[in-house]
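Keep in mind that the numbers below use all heavy atoms, side chains included, and drop hydrogens, waters and symmetry copies. Letters go in sequence order (proteins before strands), and every chain restarts at 1.
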Protein chains: 2
Amino acid sequence: MPLYDLNGKNKYYTLYCDIRGDILRGKLKSGERLPAKRELAKDLGVSVVTVQLAYEQLLAEGYVTSRERSGYFVESVLPQENIRTGQKERGFSSGKPPAPAGGRGRLQTEAEGSAEYTADFVKGATPAKLFPFSVWAKLTRAVLADCGEHLLERVPCDGDAELKAEIAAYLYRSRGVDADPRYVVIGAGAEYLYGVIVQLIGRDKLYAVENPGYATISGTYALNGARFAPVTVREEGVSMGELKKINADVLHISLSHQFPTGVITPAYSRSRLIEWALGADRYVIEDDYDSEFRLSGRPLQSLFSLCPERVIYMNTFSKTLAPSMRMGYMVLPPALYEKFLRLFSSSANVVPLFEQKTLAAMLKDGYFERHLSRLKKYYRGIRRLTLETLEKLFPGCEIYDTQGGPHLLAKLSDGNGGDINDAAERLGVRVKRLSDYLIAPSDGLQGYAVFNYSGVTEEQLTALSLKQHS
Amino acid sequence: MPLYDLNGKNKYYTLYCDIRGDILRGKLKSGERLPAKRELAKDLGVSVVTVQLAYEQLLAEGYVTSRERSGYFVESVLPQENIRTGQKERGFSSGKPPAPAGGRGRLQTEAEGSAEYTADFVKGATPAKLFPFSVWAKLTRAVLADCGEHLLERVPCDGDAELKAEIAAYLYRSRGVDADPRYVVIGAGAEYLYGVIVQLIGRDKLYAVENPGYATISGTYALNGARFAPVTVREEGVSMGELKKINADVLHISLSHQFPTGVITPAYSRSRLIEWALGADRYVIEDDYDSEFRLSGRPLQSLFSLCPERVIYMNTFSKTLAPSMRMGYMVLPPALYEKFLRLFSSSANVVPLFEQKTLAAMLKDGYFERHLSRLKKYYRGIRRLTLETLEKLFPGCEIYDTQGGPHLLAKLSDGNGGDINDAAERLGVRVKRLSDYLIAPSDGLQGYAVFNYSGVTEEQLTALSLKQHS
């Protein structure tokens, strides 16, 4: 039984998290008995009630069972254990299923299924433990105390002026983007902002989207009733030929680190994009998703900086802070900003002022950038481990990685001529083919798998690298 | 007359429900006289006041009419009995067609210029001082302490399960709406939800909107690329004839207290709406905006309760809590909820979990309803003062007020034959004509002004009533 460090408040919750972690990492094995409550309480210097609460939480969530007069025993929750008994991929649903703590609907969410894998290279969630929760809580309390009833005021349609200014200042510091704070518009996440863009530019326009790319982007255009068409992405960026051929009005693009290819649009392609946009009444949506995670060197120059009249710059905080932060922003060209005001001046902004003020404080006081440095340092470590693990499992496999964000491509050869799915299944890994991200048929992506390592942990990678030998 | 069993609390409401049931089931026929109040009270062993309240509720909802000295008579509310020709001439509609005032967009923003008026009867903002700020701050701190890092978790697309359950429970307690918590969807305010509805039902459908009505509603449909068409609202609700003639697929309606007319859709019109919706693959959006502010009697029965398969029930907290609270909800028919999950299951909810948990706590612990009572008490006072002031300034002016929310209609005659604008300018009052709220030309609303008294203060009304003498 490891020692748990229980400083701070919510001791029982910390203890619960630690024990749960040990169960999920396999440190506590199925069938193992948890220490007696009194004993553990004494060891840790906490009250018996604290231990009792932690055990009850584990019990409620199905991590342990309780046997009368004997104590608490670890349940079999790990996929590896199930694979050994020939019940691969059944995970939680084989054996005795634990009741999800407050489950919803019929849908299995991404989070639920994750525990089934040794490592999940699809999900891609920033580990919650890296979020500077205590800073955020402190700033939240400070905002509540400082702003008081001002927090109840209606937020102008484009967002809180203070946050707009802080975002503009941050963009300048971190990205060299010289955005006029006036033209910054705050919105409830990326998909919400895509919808607003359609309302600004028009749903009769044709939106070109990257192929392969995020299905959510094209899906959101479709949901908003706009026409969209795929354009092929290769090492040199989107195909200009296709873009001209389909006669698109708008291009939605991630130049700094395209998902899933990782392509960084080279400078000469950028110039051609500007030329294309200026050639007619066209717009480029520079979706700068993931750009903060460039792991080496300076951030890449933004297209927006080159042509602020024709480029909409946008990004969110879901990846850098937490997926629960439904907060994004865009910097609009002046003409579109004027239209935004005409359409929405009678509406209030959809993001609560409380969140806007807290984020403004995080940006102003440098907390956000310190958090980002820590996150990048963490991802550098995970990336290194991912590469080592891939090399170990698939010696000599080809890697395509521009270090622009927490995902890379690997051409797998498992030595048996098997395909990616076989290898993944054998290893208990969740991974997708590059071609799985195609939104329309396209050639030449065979053999590549996309490793999004933002959601995997050191422990998982260590467990994975040991698989070869088992 | 059947015997009604009136055990338990809310006797008058039970009695009202029972009689209403008998009317809807045809046990009490159109034209039939309800028993005298004293008589029924004696029979049932309840007070006369109880019967009186039940009868008044039935009267307000149009199930019965009252004839002086004769008693209460059952209205023809069943669809098959429905051939009514506007016999109700006591309302606000008569005369020639005024033209619509023009849409939104170019409009002066509501917030501007308020300080310039003695009293602003247009703006309509809940006074910030009435918001239970200290309660909210306390709950905010409690949520932060209790939920801790859980607040960072991704919220399922339809919202936090706890808030969904609390909203369903609140709807049942306050409105008698028996909504399955599963089908509650949380969103960032009314306009956001209108957009989602368009995505669910389709922008190729024709959305009928009330005329006169909120320009924001039709404007939001237009912004979302959906077709909309106005249908006339009069004392008996929307014109069924027009609704059928334009062949609408969806009707967006406020039944409990329409803005700006204040019309309460009577029971027979409700039945016809259900019949209309069931007649084809049609939906009614029951926008229950302002329904909490019914200043006398119980809330009116919801259309949703009558037909949960064809009615989307929706409301927000912007009016009851604060305009900065961008939080609304809708209860979807099961089929639309399934579609919602299909479309959005990969998206996170746009409202921060922090706000959702705080509101859930407000609902759970009864704070919200206590706040609402205080607010209603306050509005009763402001309404009385508004009426007194109007009577003083415009002796004998006609009032149309169904007491359903913080606005009423007054036909102004300032004694000089001048029109509303002249009177308003002379008095330093901001007020709009009923016809200013037309979204398409319509007949017979001359002379009426809309007094939204939710944003005026006692002091302002007192100052206004002194104006006459200056």
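Residue B:Val350 touches chain A through both its backbone and its side chain, counting heavy-atom pairs closer than 4.5 Å. For B:Asn349, the part lying under 4.5 angstrom from a heavy atom of chain A is the backbone only. When heavy atoms are compared at a cutoff of 4.5 Å, B:Leu321 does not approach chain A at all.
More than 12 heavy atoms of other residues, nucleotides or ligands shown are found within 6.0 angstrom of NZ on B:Lys339.
Minimum interatomic distance between B:Ala222 and A:Arg203 (heavy atoms only, all atoms of both residues): O-NH1, 4.3 Å.
Not counting sequence neighbours, the partners of A:Tyr337 by the side chain to side chain donor-acceptor pair (under 3.5 Å) test are A:Asp158.
Ranked by heavy-atom pairs under 4.5 Å with chain A, the list B:Gly189, B:Ala188, B:Pro352 is led by B:Pro352.
With rounding to the nearest 0.5 angstrom, the CZ atom of B:Phe354 is 7.0 Å from the CD atom of A:Glu355. Residue B:Ser347 holds its OG atom at 7.5 Å from CZ of A:Arg326, rounded to the nearest 0.5 Å. Note that CH2 of B:Trp136 and CG of A:Leu144 are 6.0 Å apart. Values are rounded to the nearest 0.5 Å. From B:Leu223, atom CG reaches atom CG of A:Asn224 across 11.0 Å, with rounding to the nearest 0.5 Å. To the nearest 0.5 angstrom, A:Thr220 atom OG1 is 10.5 Å from B:Leu343 atom CG. Atoms OG and CD, from A:Ser346 and B:Glu191 in turn, are 6.5 Å apart once rounded to the nearest 0.5 Å.
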